[in-house]
Number of protein chains: 2
Amino acid sequence: MKAEKISELTTNRLSVYLRCLGELADEGEETVSSAALAKRFHLNSAQIRKDLAYFGEFGIRRVGYNVEELRDHLVRILGLDRQHRVGIIGSGRLGTALADYYGFRQRNFIVAALFDTDGRKIGKKIGGIDVFDIKGFSAKVKKDKIEVAVIAVPAESAQTVLDIVVKAGIKAVMNFAPVRLKVGGDVKLKTIDLTTSLESLAYFLAGNAKPAGKTVKPKAGKRRN
Amino acid sequence: MKAEKISELTTNRLSVYLRCLGELADEGEETVSSAALAKRFHLNSAQIRKDLAYFGEFGIRRVGYNVEELRDHLVRILGLDRQHRVGIIGSGRLGTALADYYGFRQRNFIVAALFDTDGRKIGKKIGGIDVFDIKGFSAKVKKDKIEVAVIAVPAESAQTVLDIVVKAGIKAVMNFAPVRLKVGGDVKLKTIDLTTSLESLAYFLAGNAKPAGKTVKPKAGKRRN
DNA sequence: TGATGTGAAGCGGTTCACAGCC
DNA sequence: GGCTGTGAACCGCTTCACATCA
């Protein structure tokens with residue numbers, strides 16, 4: 001509640017910086033200036049400096065940033081220096097794909113369990129991970145110390161699932177169902193809406209197909225300036 | 001290039017409105033006011049009106065909007081009134097999950113083909129969809145009139161794949177690889193970065209775990225006001 | 001009267017530009 | 001000299017408030 005001083009846009013960028021630094025470290029770079037970082041990954045150097053400055057003074061004037069050191073800082077700031085256990089609800093194609101997602105492990109996220117309502121799946125293993133009845137969600141969360149829930153169920157059931165998840169004490173949720181969900185303020189809900197992303201591409205194609213004609217027509221002219 | 005008068009934030013919301021209207025239509029509602037829509041789906045009514053007003057005057061004063069009619073308008077604005085053919089590159093778990101994704105079909109997106117470099121997969125069918133050699137991408141795009149590419153390959157290969165895709169004349173790309181990719185201005189690239197989303201949750205958990213102590217420490221006090 | 005459509009104000013994030021420091 | 005850290009300017013999106021009109 002209080003920790004929201006830093007914009008989410010900033011933390012998202014920290015995640016990007018971390019990745020970039022990983023690449024530089026792999027190449028053996030020891031230090032990097034904000035300008036060099038910006039140029040290489042098409043970022044803005046002022047923004048990099050400002051983002052980092054929220055968390056401390058990591059740079060050395062005249063030199064730049066120490067790659068390894070800054071990376072460690074970012075890992076700690078983002079809370080990636082310890083494991084996070086994840087439960088995925090919905091063991092359809094998307095759920096199982098996520099269970100297998102390499103990026104999870106790479107970032108210290110451990111998929112501890114899958115959950116479903118489908119009796120045919122419960123008790124089985126999918127990709128080496130046990131599928132549990134959603135009814136036992138709360139108990140399993142406590143037992144396995146699950147901190148993050150991923151919702152990969154159809155849109156109709158997503159709100160119900162979210163309510164179960166929140167009741168179990170989970171504070172961080174990633175939702176893939178294309179619906180607007182409601183949560184209390186102390187729970188972080190991140191929705192990844194593939195439908196909207198897709199439609200945004202369709203819009204682009206539609207607008208692109210008719211470059212001159214059907215663009216906007218702002219009614220009473222003079223929209224900007 | 002020119003069509004970018006309307007912010008992407010606006011078009012994303014149009015997609016949301018469309019979904020909401022679908023729900024209302026299913027319930028048999030004939031008209032809805034911006035205020036009612038806002039209340040029901042936790043949106044802002046002024047924003048709804050403003051977003052819609054960019055595209056025309058769809059409302060009736062004193063009444064609101066006709067649900068069916070507005071829905072049709074949005075479908076047309078978003079370019080969902082015709083099919084879009086999609087090619088997915090990468091037939092791993094994520095790629096195949098996407099090939100199967102219900103939201104695609106529902107929105108008039110047809111997955112025409114999967115592409116891979118893995119000889120063991122090429123020529124096979126996965127979930128009813130043929131897997132082709134990426135080498136034949138360009139030809140297949142022309143033949144099947146593919147307009148949208150989905151990149152579901154590891155981060156290391158993503159830029160290479162993107163270059164192939166762009167060279168084949170594709171103008172709309174959805175990328176799931178966690179990298180910053182480079183494209184020319186006439187191609188719309190939408191990256192869905194699961195790694196960043198995940199790390200943003202981790203950040204929240206980290207900040208949340210230590211509510212008072214390690215928050216920010218803005219160095220020379222007085223950040224805001 | 002009651003809802004839309006919209007100019008204007010407000011706000012938050014980005015970029016600029018430079019002081020401070022190594 | 002050259003890089004960071006940062007106040008100030010800028011910009012675009014959101015929200016407000018109201019004129020407009022069926």
Side-chain angles (χ1 to χ4, degrees), chain A residues 4-14 16-17 21 24 29-67 69-70 73-74 77 200 216-225, chain B residues 4-14 16-17 21 24 29-67 69-70 73-74 77 200 216-225:
Chain A
E4 287 334 49
K5 219 187 190 28
I6 306 293
S7 141
E8 174 145 1
L9 298 175
T10 295
T11 62
N12 285 347
R13 281 190 300 265
L14 293 185
V16 171
Y17 302 156
L21 289 168
L24 293 176
E29 299 293 330
E30 298 206 342
T31 62
V32 66
S33 70
S34 60
L37 202 56
K39 183 154 190 206
R40 160 111 185 226
F41 298 99
H42 0 113
L43 303 162
N44 177 302
S45 64
Q47 188 155 69
I48 294 173
R49 293 198 299 277
K50 192 148 257 197
D51 286 338
L52 295 177
Y54 284 126
F55 298 92
E57 306 204 348
F58 304 135
I60 305 145
R61 292 174 200 239
R62 251 194 108 190
V63 179
Y65 301 88
N66 180 299
V67 173
E69 194 185 302
L70 183 54
H73 277 300
L74 291 180
I77 290 167
S200 139
V216 173
K217 187 80 79 53
K219 227 71 216 186
K222 193 205 244 176
R223 176 149 312 279
R224 165 148 306 284
N225 127 276
Chain B
E4 290 330 51
K5 217 186 191 28
I6 306 294
S7 139
E8 175 145 0
L9 299 176
T10 295
T11 62
N12 285 347
R13 280 191 300 265
L14 293 185
V16 171
Y17 303 157
L21 290 168
L24 293 176
E29 298 292 330
E30 298 206 342
T31 63
V32 66
S33 70
S34 59
L37 202 57
K39 183 154 190 205
R40 160 111 184 226
F41 298 99
H42 1 113
L43 303 162
N44 177 301
S45 64
Q47 188 154 69
I48 294 173
R49 293 198 299 277
K50 192 146 257 192
D51 286 340
L52 296 177
Y54 284 126
F55 298 93
E57 305 205 348
F58 303 135
I60 306 146
R61 292 176 201 238
R62 255 194 103 190
V63 178
Y65 301 89
N66 179 299
V67 173
E69 194 185 303
L70 183 54
H73 277 301
L74 291 180
I77 290 166
S200 140
V216 173
K217 188 81 78 56
K219 225 76 218 179
K222 192 204 241 177
R223 175 149 313 278
R224 164 151 305 282
N225 126 278

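Model, not experiment: these values are computed from the prediction. Note on naming: letters A, B, ... go to the chains in the order of the sequence lines (proteins, then strands), and numbering restarts at 1 for each one.
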Roughly how many Å is it from CD1 in B:I6 to C1' in D:dC13, rounded to a whole number?
13 Å
Atom CD1 of B:I48 and atom P of C:dT4: how far apart are they, to the nearest Å?
9 Å
Here the distance between atom P of D:dC3 and atom CG of A:N66, to the nearest Å, is 16 Å
Let me confirm one number: the CG-CD distance from A:L74 to A:E69, rounded to the nearest 0.5 Å.
11.0 Å
Nearest-Å distance for atom pair CG/P, residues A:L70 and D:dC3:
16 Å
Phosphate OP1/OP2 of C:dG13: any A:S7 side-chain N/O under 4.0 Å
yes
Can you tell me which residue among A:K50, A:Q47, A:K39, A:R49 is in a side-chain hydrogen bond (donor to acceptor under 3.5 Å, both in side chains) with A:S34?
A:R49
Taken to the nearest whole Å, CZ/A:F58 to C1'/D:dC3 is 17 Å
Only counting residues at least two apart or in another chain, list the ones meeting ring pair (Phe, Tyr, Trp, His ring centres under 6.0 Å) with B:F58.
B:H73
Counting only side-chain nitrogens and oxygens, does B:S33 get under 4.0 Å of the OP1 or OP2 atom of C:dA3?
no
Search all heavy atoms of B:L14 against all heavy atoms of B:L52 and return the closest pair with its distance.
CD2-CD2, 4.1 Å
Does the side chain of A:D51 reach to within under 4.5 Å of the side chain of A:T11, using non-hydrogen atoms?
no
Considering residues at least two apart in sequence or located in another chain, which fulfil the side chain to side chain contact (heavy atoms under 4.5 Å, CB included) criterion with B:T31?
B:V63
Assign a letter to each nucleotide of nucleotides 15-22 of chain D from its 5' end: B, base within under 4.0 Å of a protein heavy atom; S, sugar-phosphate only; -, no contact.
BBB--BBB
Could you check how far CG of B:L52 sits from P of C:dA3, rounded to whole Å?
16 Å
Using a cut-off of less than 4.0 Å, is there contact between a side-chain N or O of A:Y54 and OP1 or OP2 of C:dG13?
no
Rounded to whole Å, the CG-C1' distance (A:D51 to C:dT14) equals 10 Å
Does a sphere of radius 6.0 Å around CZ in A:R62 hold more than 12 heavy atoms from other residues, nucleotides or ligands, not counting ones at 6.0 Å or beyond?
no
Just call it for B:T10: base, sugar-phosphate, or nothing, with non-hydrogen atoms closer than 4.0 Å on any strand.
nothing
Side chain of B:A53: nearest nucleotide among C:dT6, D:dC13, C:dG13?
C:dT6
Rounded to the Å, how far apart are B:L14 CG and D:dC13 P?
14 Å
